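Lettering of chains follows the sequences in order, A, B, ..., and the numbering in each one begins at 1. Quick caveat: nothing in here was measured; it's all calculated off a predicted structure.
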Protein chains: 2
Amino acid sequence: MLEIIYPLVSVDVALFCVDAERLQVLVVKRAHEPAARQWALPGGILKPHLDKSLEAAARRVLAHKVSVELPLVDEVCTFSGPDRDPRGWSVSVLFYALLPRDKINALVRNKVEALEWSNASAPGHRLAFDHDHQLAAAVKKLRTKVEAGKLPLHLLSEKFTLTQLQRTVETILGRSLDKSSFRRQLKSSSDLVELDEYERGTQRPAQLFRASEGFSF
Amino acid sequence: MLEIIYPLVSVDVALFCVDAERLQVLVVKRAHEPAARQWALPGGILKPHLDKSLEAAARRVLAHKVSVELPLVDEVCTFSGPDRDPRGWSVSVLFYALLPRDKINALVRNKVEALEWSNASAPGHRLAFDHDHQLAAAVKKLRTKVEAGKLPLHLLSEKFTLTQLQRTVETILGRSLDKSSFRRQLKSSSDLVELDEYERGTQRPAQLFRASEGFSF
DNA sequence: AGAATAGTGTCTGTCAGACAGTATCGC
DNA sequence: GCGATACTGTCTGACAGACACTATTCT
C-alpha cells in the first residue's frame, strides 16, 4: 500500500468593482509565508470543518476583506499541479465576485495585511504564485459573459441609470458602444425594471432602473 | 493548533460521442465501494505522485476505459461539500471529453467493470453520487459552446462531410438547422480546410473537410 | 441663451431563416 | 428517367451600427 499524499486545496478570489471607468480588482499584500510581502489575489486554505462548499470557502475568505455580503460569487476554473505552490502539490479553485460600486469603500482594513484596488487589465504589481494567470482567466470569464449579452447589474448600485450601466459595460469590454443600440437591446430585456424615480444630476435627470427579481448574471 | 482535515480530491469525466443521431455519454458500473454496482461517470481519486495536473488525472482515468488518446479534455466545474461522498468532505472536478465517432468501439473491456454508452440527454440509469447533476452540467457546457458557434470537430472522424458536421451539431443542439445558413457560416470560418477528396456514398459524393491546424474547440 | 446630459427616430448595410432551384450520383 | 443526396441562388424580414434629432435640466 502506497502512502497517500493529500494535495493542498485552496480557493482564490478575484473581486471586481467598476469605478471611475476602471475595472478594478482587489489585491492583498500577503503577511505570511509563502510569498510573504508579495501582492496576490485574496485566498485561503479550504477548511472542511468550517466550509460547506468551495463557494462558501470563497465567501469566508472575502468576509475578512470586505464588510458586505456579496451578491455574486461564481467559479471560474481550477489551477493545479506540483509546482505552483512551494508547499507541494496543490489545487486552487478560482472564483470571481462582483462588488457594487457604492460599496467600494467597504474594505476591512487591518494592521497585518494591506489591501488595494488595482487595475484588473494592467495590475500595478506582479502577483504571487500563478495569480497573474488566474486574474487573466477571471477577467476573460467576466468579459465573455458581458460580451454574450449578460448585464453586470451586480456591479451597480441598487438603483442606477442606463448611462451608468452602459459605462460599466463599456469599461468591462474595453470599447465604446452606441447609445441607441444599447438602449434598444435593453428594452427587450426582462432583467431591468424601470422605476418612477429620477436621478438629479448636474443636467437633465435620468430615469432610474433596478434589477428584476429573477435576474441572474 | 487544530487538526487539519484533508478533503478527498477526485476527478470525474463525461466522455461524449455522437453516434446514430444520439449524444452518448460513457457510464461505468462501479465495481468497488462506495456505490458499488451503481452506474456512474468514470472517475477516480487524484494521485499526486502520478498526476501532474487535474486534467492529467482525468486523462489517466479515461486511459483505463478507452484505448485512444483523446483530442480534447476540458474542465466544466467543481462539485464539493461534506455530504456528496460517503467517505467525507470531498471535492470533485468535472471534465468533459470528446471521442471521434469512428472511435466509439475503442472501449477497453475488462471483467471487473461494465462500460456502456448511454443517451446523455436521458440516461438509462440513475447515476450514483451527484453524477446526474454533473452530467447535466457537462451537457449544458457542451451545448453552450456549440450554440455560441464553436464547431465540435473532435466528435467527427479526421475527414468528414459538411452534412455529417451539421447532423452532429443538430444532435447536440436538439433542433434542426437550415442547410444553406449553416454552410454560409462555415464559409467564413477558418476552422475548416476543404480537401480534394470526396466521400463515395449511395448518392452524389460529398466533399470532405478536415479541421485546420489552429483549430481549438 | 447655451452647455450638457437624457432619450428617440431614421436610415442602411448585414445577415440569418426560408425555400426554391441546380448538380451529380446510384439504380 | 427517377429518386436521393449535395450544393447554390434568391428573397425577405429582423436587427445592429451610425448618426441626427428632440427633450430637459443647470448655469
Taking CZ from Phe160(B) and C1' from dA6(D), how many angstroms apart are they, rounded to a whole number? 16 Å
Are Glu197(B) and Lys159(B) close enough for a salt bridge, meaning some N to O gap below 4.0 Å? yes
Would you kindly give the CZ-to-C1' distance between Phe182(A) and dC15(D), to the nearest whole Å? 17 Å
Using a strict threshold of under 4.0 Å (side-chain N to carboxylate O), is an ion pair present between Lys103(B) and Glu158(B)? no
Rounded to the Å, how far apart are Leu173(A) CG and dG17(D) P? 11 Å
How many Å lie between CZ on Arg183(A) and P on dC21(D), as a whole number? 19 Å
Output the rounded distance in Å from CD (Glu194(B)) to P (dC7(D)). 10 Å
Of Gln185(A) and Gln207(B), the one whose nearest nucleotide on DNA chain D sits closer to the 5' end is Gln207(B)
Can a donor-acceptor pair be found between the side chains of Gln24(B) and Ser118(B) at a distance below 3.5 Å? no
Is any side-chain N of the basic residue among Glu113(B) and Arg37(B) closer than 4.0 Å to the acidic one's carboxylate O? no
Round to the nearest Å and state the distance from Gln164(B) atom CD to dC7(D) atom C1'. 16 Å
Is a salt bridge present between Asp51(A) and Arg60(A), judged by a nitrogen-to-oxygen distance below 4.0 Å? yes
Send over the distance from Gln166(B) CD to dG17(C) C1', rounded to a whole Å. 13 Å
Is the shortest side-chain N to carboxylate O distance from Glu194(A) to Arg210(A) below 4.0 Å? no
Does the protein touch nucleotides 18-27 of chain C at the base, only the backbone, or not at all? Give it as B, S and - per nucleotide, heavy atoms under 4.0 Å. BB---BBBS-
Roughly how many Å is it from CD in Glu197(A) to P in dA6(C), rounded to a whole number? 17 Å
